[in-house]
Amino acid sequence: MIKSMTAFGRATGAGSGKNFVCEIRSVNNRYLDCSVKLPRSYGFLEEKVIAFIRAAGITRGKVEVYVGIEVTESVGVTVELDTAYAEGYIAALRRLRDEFSLPDDMSTMSVAANRDLFLVKKPAEDADRDWEELRPILAEALAKYNTARETEGANLRADLLAKRHHLEELAEEIARRSAENIAAYRGRLEARLRQQLADLDLVFDAQRILTECAIFADKIAVDEELVRLKSHFAAFDEAMDSDGPVGRRLDFLLQEMNREVNTTGSKSNDSAIAALVVDAKCELEKIREQIQNLE
């Protein structure tokens, strides 16, 4: 099942003296770029969260994970002042006051609004317990996130297949018009030559007509391009039924399709075929925009 790179999942839960909120969201990205936002005192969980996300099989997308932790019961937790940081912070505030002639409204409470002044310390065993309590909530958020990816992926798949089928219809119409052009050219050439030869009282050479038509057909023939385009359609359908990431593969196939369509357009001297080529290019551009959302 193909998956979208754009999705969101959220879960909440409670642990020992704390409440957890986990949110996972992602947007398009060429590679996997995972970032985690945690309370400062729980920064030790970042690597575990990233490893958990990678282990889930997510390979592309800019993934942002937010973990909110509200402590409801501070058992075994101590809060200490980061003295070195506080000295530098207060000195910077005083410099700001003096250089810009600002009113001195510093107070304990206003300075304490900077949470980075404080160090929250917990017993070593709490670190493992925090992760064990967070993990099932993170897993629930991830499950909802993956469900959203699959749902959006199914919608994208239906849309992409519809556009691909339209492209096939355009290719079939181009093939039909191309054959008609060659036949029409033969008729026009034969009629023109018969008239000119009759005017000059010369013998009509049917073989020369066939030779001229063959030269013309070779110049405007798009059979090879359409055959290759058909093979790309088959590869596209195969990718749509794949279980793994398909975004990069589809992007490559789209480049190949675009090349064949461009060559077809450059060979054509028929306005109807030129219009069909423009329609095909528009459809390819729509597909290109959509596959940017696929993992």
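Since we're looking at a predicted model, the values are computed, not measured. Computed over heavy atoms, backbone and side chain alike; hydrogens, waters and symmetry mates excluded.
The number of heavy atoms from other shown groups lying within 6.0 Å of CZ (Arg176) is above 12. The environment of NZ in Lys230 is sparse: at most 12 heavy-atom neighbours from other residues, nucleotides or ligands sit within 6.0 Å.
Residues satisfying the salt bridge (charged side-chain N to carboxylate O under 4.0 Å, His left out) test with Lys286, not counting sequence neighbours, are Glu283. Contacts of Lys48 classified as salt bridge (charged side-chain N to carboxylate O under 4.0 Å, His left out), with partners at least two apart in sequence or in another chain: none. Scanning for side chain to side chain donor-acceptor pair (under 3.5 Å) contacts around Thr264 gives an empty result, with sequence neighbours left out. With sequence neighbours excluded, no residue forms a salt bridge (charged side-chain N to carboxylate O under 4.0 Å, His left out) with Glu64.
We find the CG-OG distance between Leu226 and Ser178 to be 7.5 Å, quoted to the nearest 0.5 Å. For the atom pair Glu46 CD and Ser35 OG, the distance stands at 8.5 Å (nearest 0.5 Å). Rounded to the nearest 0.5 Å, atoms NE2 (His166) and CD1 (Ile287) are 10.0 Å apart. Taking CG of Leu138 as the start and CZ of Phe20 as the end, the distance is 11.0 Å to the nearest 0.5 Å. Atom-to-atom distance recorded for Leu96:CG and Arg94:CZ is 13.0 Å, nearest 0.5 angstrom.
Using a 4.5 Å heavy-atom threshold, the side chains of Asp33 and Val63 count as separate. For the pair Phe8 and Ser26, the minimum side-chain heavy-atom distance is 4.5 Å or more. With a 4.5 Å cut-off on side-chain heavy atoms, Asp130 and Tyr42 count as touching. With a 4.5 Å cut-off on side-chain heavy atoms, Ile2 and Asp241 do not count as touching. Looking at Ile137 and Val21, their side chains never come closer than 4.5 Å, going by heavy atoms from C-beta outward. Looking only at side-chain heavy atoms (C-beta outward), Tyr66 and Leu38 stay at 4.5 Å or farther from each other. By the 4.5 Å heavy-atom criterion applied to side chains, Glu152 and Thr6 are not counted as neighbours. Contact annotation: the side chain of Leu294 never approaches that of Arg60 to less than 4.5 Å [non-hydrogen atoms, C-beta and beyond].
Glu285 has a carboxylate O that lies under 4.0 Å from a charged side-chain N of Arg288, or vice versa, which qualifies the two as a salt bridge. Comment: Arg177 does not engage Glu173 in a salt bridge, judged by the lack of any side-chain N to carboxylate O separation of less than 4.0 angstrom.
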Chi angles and distances behind the side-chain contact (heavy atoms from CB on, under 4.5 Å) call for Lys37, Val67: CA-CA 6 Å; Lys37 184 177 181 181; Val67 179; over 6 Å; no
Quick one, Leu134 with Ile69, criterion side-chain contact (heavy atoms from CB on, under 4.5 Å). Give me CA distance, side-chain angles, the key distance, then yes/no. CA-CA 9 Å; Leu134 172 62; Ile69 303 176; 5.5 Å; no
Working note: Leu167 + Lys163, criterion side-chain contact (heavy atoms from CB on, under 4.5 Å); need CA distance, chi angles, decisive distance, verdict. CA-CA 6 Å; Leu167 270 176; Lys163 287 179 169 57; over 6 Å; no
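Asn262 and Arg259 share no donor-acceptor pair across their side chains, judged by distance under 3.5 Å alone. No side-chain N or O of Thr59 forms a donor-acceptor pair with one of Tyr31 less than 3.5 Å apart. There is no side-chain donor-acceptor pair under 3.5 Å between Thr263 and Ser266. A donor atom on one side chain and an acceptor atom on the other are not found under 3.5 Å apart for Glu295 and Ser4.
Counting only distance, with no hydrogens or angles, the side chain of Asp82 and the backbone of Leu119 share no donor-acceptor pair below 3.5 Å. With Lys18 contributing its side chain and Ser16 its backbone, the two residues share a donor-acceptor pair below 3.5 Å. Looking only at distances, a side-chain donor or acceptor of Arg157 sits under 3.5 Å from a matching main-chain atom of Met240. No donor-acceptor pair closer than 3.5 Å links the side chain of Lys62 to the backbone N or O of Asn29.
Taken together through direct or relayed side-chain contacts under 4.5 Å among Ile, Leu, Val, Met, Phe, Trp and Tyr, Met109 and Val111 form parts of separate hydrophobic clusters. Grouping the Ile, Leu, Val, Met, Phe, Trp and Tyr side chains by contacts below 4.5 angstrom, directly or via other members, places Tyr85 with Ile90. Hydrophobic clustering, with ILVMFWY side chains joined whenever heavy atoms are under 4.5 angstrom apart, keeps Leu229 apart from Val227. Note: the hydrophobic cluster containing Leu254 also contains Leu161 (ILVMFWY, side chain heavy atoms under 4.5 Å, direct or indirect links). In the hydrophobic cluster analysis, where Ile, Leu, Val, Met, Phe, Trp and Tyr join through side-chain heavy atoms closer than 4.5 angstrom, Ile53 is grouped apart from Met5.
Geometrically, Arg25 does not engage Tyr145 in a cation-pi contact, judged by NZ or CZ lying under 6.0 Å from the ring centre and within 45° of the ring axis.
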Could you tabulate the donor-acceptor pairs under 3.5 Å formed by side-chain atoms of residues 242-253, not counting sequence neighbours?
from   : atom 1 : to     : atom 2 : distance (Å)
Ser242 : OG     : Gly244 : N      : 3.3
Asp243 : OD1    : Met1   : N      : 3.0
Arg248 : NH2    : Arg30  : O      : 2.7

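Applying the salt bridge (charged side-chain N to carboxylate O under 4.0 Å, His left out) definition to pairs two or more places apart or across chains, those involving residues 96-119 are Arg40-Asp116, Arg95-Glu99, Arg97-Asp104.
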